[in-house]
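Working notes, beginning with the structure itself.
Counting convention: from 1, in listed order, for ligands and their atoms alike.
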Amino acid sequence: MSATILDGNKISAEIKTEVAAEVAELKATGLTPGLAVVLIGHNPASEIYVRNKVKACELTGIYSEQHTPPETVSTKDLLQLVESLNRRDDIDGILVQLPLPAQVDSKKVLLAVSPEKDVDGFHPMNVGYLSTVRPGLVPCTPAGCMEILRRSRIKIEGADAVVVGRSDIVGKPVAMLLTNANATVTICHSKTHNLKEVCSRADILVAAIGRAGMITPEYVKPGSTVIDVGINKITDRAEFEKYFAGDAKREAAFAKNGSTLVGDVHPKVVEVAGAFTPVPGGVGPLTIAMLMANTVKAAKLRRGNTVPTKVG
Ligand code: GUN
């Protein structure tokens, strides 16, 4: 039997509809949630992400504005911009799009974002809130992984979950969220012994390594749920063949665009897993939906409302 596809586009649309309803309720009380996005230079991937974030704000009714300092911006100037956004009452969320140029001290800039407005959930204060199960802002991609699991009714409590990748942005926070949801969690990384064997015991396997197609069927327990956080662009014909040989739809898209996307999970995993998130159209769309949810949450938290938001 083939695996169930966990449709990220559908779940993301559901969440954005719920967020839009919540924004409308807030607007009726005179409060419009506001998001400021800081985009430095002209990284094409970052430009696409930011464009999609602004579009999602328009769809949900959130006010948004973009700040676009030049590629040559100094840490000092960026800190000044962040501090001016921290002071503004009409701005509830601040997102500094990564990566930042090499001359900028990224850690210093991210630390300067007020924890109350840190809709990325990267500030150590929010990391601490997450680890101690207090209300706070949770990183968007990990929060999106949890929404996929919950809304697809995948049992988390008591499950053996394995997270491959230990980044601050995805691996560590998703492991923490799974722990808080009562899964038994193992975090793996490049130095893990017997990786294949550890992964193949997982009821829920989260791949966030950044290596195209690394998780092959031998890593996957039959019937398990596989969440693929990787987004890797393939332009090489031989590499394309490794993943998509015989897939007519991919073939046509690759011929047309000269590239395609593959996750950290090999497409053949579909033959073993019980459920999986596709790439594209899996975890990716959730990241933006959760950013919208976080902006609403930030608007409420900052005004002392700790009643949980409907999403996130
Ligand atoms: N660049 C790629 N993903 C992200 C993200 O989730 N947040 C920020 N700020 N930058 C990114």
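The main-chain N or O of D264 is found under 3.5 Å from a side-chain atom of D228 such that the two form a donor-acceptor pair.
Remark: the T68 side chain and the Q66 side chain contain no N/O donor-acceptor pair separated by less than 3.5 Å. In summary, the side chains of H42 and E47 do present a donor paired with an acceptor at a separation below 3.5 Å, with no hydrogens or angles considered.
The protein heavy atom nearest to atom 3 (N) of ligand 1 is Q97 NE2, 4.4 Å. The single protein non-hydrogen atom nearest to atom 10 (N) of ligand 1 is L98 N, 3.0 Å, given as residue, atom name and distance. Shortest contact from atom 8 (C) of ligand 1 to any protein heavy atom: D120 OD2, 3.5 Å.
Judged as a salt bridge (charged side-chain N to carboxylate O under 4.0 Å, His left out), and not counting sequence neighbours, E83 has no contacts.
The V96 neighbourhood of ligand 1 comprises atoms 8 (C), 9 (N), with distances under 4.0 Å to a heavy atom of that residue.
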